[in-house]
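A short write-up of the structure that comes next.
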Amino acid sequence: MKTIILQKGREDSLLRFHPWVFSGAIKTLPEDIEDGDLVRVASIDGKVLGLGHYQVGSIAVKMLHFGSEPVAIDEAFYARRIAAALVVRRSLGLLRDDNSAFRLVHGEGDFIPSLVVDMYGHTAVMQAHSPGIHFDRDKIAAALMSLPDGLVKNVYYKSETTLPFKAQLDPVNDYLIGGEDVDDVAIENGLRFHIDWLKGQKTGFFVDQRENRCLLESFSCGRRVLNMFCYTGGFSVYAMRGGATLVNSVDSSAKAVSLTDANIALNFADDGRHKSFAEDAFKFLDHMETGAYDLVILDPPAFAKRKSALRNALIGYRKINAAALAKMPAGSVLFTFSCSQAVSREQFRLAVFSAAAQAKRRVRILHQLSQPADHPINIYHPEGEYLKGLVLWVE
Ligand code: SAH
């Protein structure tokens with residue numbers, strides 16, 4: 001196995017279990033090293049600090065194991081890590097007759113950097129975010145199949161958009177295991193959703209909003225709800241169950257709007273309270289009547305995919321929130337989110353503060369929201385925190 005030697009004194013973060021080695025910390029890189037290689041990482045005095053996958057770029061190694069004792073990174077290794085992740089999900093009460101959608105593996109948060117696995121019924125949808133995980137995909141699929149109680153029957157690999165483009169791996173989205181007669185309906189808190197892992201965004205569904213959707217349900221009774229950036233209509237379906245008098249869902253993608261309509265039909269067939277619109281959010285807010293909705297959800301895509309986009313992202317959050325706040329009646333509630341990892345909790349809150357000031361509204365924070373427990377944050381890897389939200393009372 002090839003060994004990467006760190007610069008003097010640069011081992012500290014690994015001794016603290018931070019799972020990444022940045023390229024600037026490296027003193028010597030083996031000449032024949034290739035994207036995705038499993039490597040040993042050692043300090044300048046030759047002490048082995050652990051094993052990880054090498055990749056070209058500023059994050060040069062993603063660590064899989066810490067310590068000097070040798071460990072095989074094989075199917076059994078992945079099976080141990082994934083089984084441990086499953087224990088946590090069971091403890092969280094996420095495997096129930098009325099709940100079959102949850103995140104089983106959340107990358108660094110489950111000690112398998114760059115691997116995401118979402119469960120939808122008996123189908124595991126797997127995403128690789130590094131070449132190393134891509135090369136190990138069959139071992140990981142086999143490890144998923146070894147979970148108890150026949151939990152996994154199909155493994156769908158969906159990494160066409162998640163792997164570094166420069167690595168030129170040309171991954172193909174397809175079933176690694178199973179794939180015949182697959183049921184595409186998953187259940188979340190008793191509500192049913194068609195999950196389009198073949199063509200949908202991410203793994204087909206945003207499991208990370210599950211708890212926030214539950215909270216939204218509890219605010220919905222008697223309210224007129226606007227679900228902006230609805231995608232599969234998750235918030236809309238919960239609002240319907242919560243007793244909203246009217247639910248409107250908006251997304252610029254016609255595909256998303258048809259997914260929302262299908263999910264409403266699956267749970268509330270022939271219910272006249274829901275209507276969806278394929279339209280740009282800013283345009284919709286611009287021509288929307290003042291006072292039309294008293295519960296509004298703003299869950300836009302990540303405005304800042306990287307740090308360099310931060311300034312424009314904050315302006316984007318301010319504008320969209322100001323546009324909504326300006327037209328909300330007194331006594332209304334706004335659920336507003338940012339899923340940009342590059343935007344901190346404080347920066348997001350400041351953007352919403354500026355929006356409230358710009359709209360000249362009195363606003364109070366009722367809840368400060370985050371990602372759910374099946375998206376755990378490794379305490380040594382604060383970068384794993386990405387979802388933040390505020391529930392605001394608007395006067
Ligand atoms: N709230 C959703 C997830 C939102 S993902 C859920 O709980 O599942 C973000 C969505 O915003 C995508 O579906 C995307 O199509 C949509 N979108 C992106 N830009 C938009 C715009 N300018 N106007 C309206 N929708 C937009």
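Counting starts at 1 for both ligands and their atoms, in listed order. Worth saying up front: this structure is predicted, and the values here are computed from it rather than measured. For the numbers below, each heavy atom of this structure counts, side chains included, while hydrogens, waters and symmetry mates do not.
Heavy-atom proximity to Ser253, at under 4.0 Å, picks out these atoms of ligand 1: 15 (O). Here is the list of ligand 1 atoms found below 4.0 Å of a heavy atom in Asp299: 1 (N), 2 (C), 3 (C), 4 (C), 6 (C), 7 (O), 9 (C). Atoms of ligand 1 lying under 4.0 Å from any heavy atom of Pro301, numbered from 1 in the order shown and given with element: 9 (C), 11 (O), 18 (C). For ligand 1, the atoms sitting less than 4.0 Å from at least one non-hydrogen atom of Ala281 are 21 (C), 23 (N), 24 (C), numbered in the order shown with element in parentheses. Proximity to Phe235 (heavy-atom distance under 4.0 Å) selects the following atoms of ligand 1: 7 (O).
Checking Tyr120 against Thr203 by side-chain atom types alone, a donor-acceptor pair falls below 3.5 Å. Using modelled atom types, one finds a donor on one side chain and an acceptor on the other under 3.5 Å when comparing Gln209 with Asp299. Side-chain atoms of Asn189 and Tyr238 form a donor-acceptor pair, as typed in the model, at a separation below 3.5 Å.
Among Ile320, Leu259, Asp251, the residue whose heavy atom lies nearest to atom 16 (C) of ligand 1 is Asp251. With distances taken over non-hydrogen atoms, the option nearest atom 20 (C) of ligand 1 out of Ser252, Cys230, Gly233 is Ser252.
Taking only nitrogen or oxygen atoms, main chain and side chain alike, Asp280 reaches within less than 3.5 Å of ligand 1. For ligand 1, none of its N or O atoms has an N or O atom of Asn227 under 3.5 Å away. Of the N or O atoms in Pro300, none lie within a sub-3.5 Å distance of an N or O in ligand 1. Residue Phe206 has no nitrogen or oxygen atom sitting less than 3.5 Å from a nitrogen or oxygen atom of ligand 1, judged on distance alone.
Between Asp286 and Lys283 there is no salt bridge, since none of the side-chain N atoms of the basic residue sits less than 4.0 Å from a carboxylate O of the acidic one. Using a cutoff of 4.0 Å between basic side-chain nitrogens and carboxylate oxygens, Asp183 and Lys153 are not scored as salt-bridged. The residues Asp45 and Lys8 are annotated as not salt-bridged, no charged nitrogen and carboxylate oxygen being separated by less than 4.0 angstrom.
In this structure, Arg224 fails the cation-pi test against Tyr293, since its NZ or CZ atom is not both closer than 6.0 Å to the six-membered ring centre and inside 45 degrees of the ring normal.
At least one heavy atom of Gln201 sits closer than 4.0 Å to an atom of ligand 1. Contact analysis leaves Lys283 out of contact with ligand 1, as no non-hydrogen atom separation drops below 4.0 angstrom.
Within the 4.0 Å heavy-atom criterion, neither part of Phe284 lies near ligand 1. When non-hydrogen atoms are compared, ligand 1 lies under 4.0 Å from the side chain of Arg213 (C-beta onward) but not from its backbone.
Remark: minimum distance from atom 4 (C) of ligand 1 to any protein heavy atom is reached at Phe229 O, 3.2 Å.
Sorted by first and then second residue, the side-chain hydrogen bond (donor to acceptor under 3.5 Å, both in side chains) pairs involving residues 385-394 (not counting sequence neighbours) are Asp208-Tyr386, Arg345-Glu385.
For the salt bridge (Lys or Arg N to Asp or Glu O under 4.0 Å) with Asp110, the lone residue among Arg89, Arg80, Arg103 that qualifies is Arg89.
Between the CG atom in Leu169 and the OG atom in Ser159 there is a gap of 9.5 Å [rounded to 0.5 Å].
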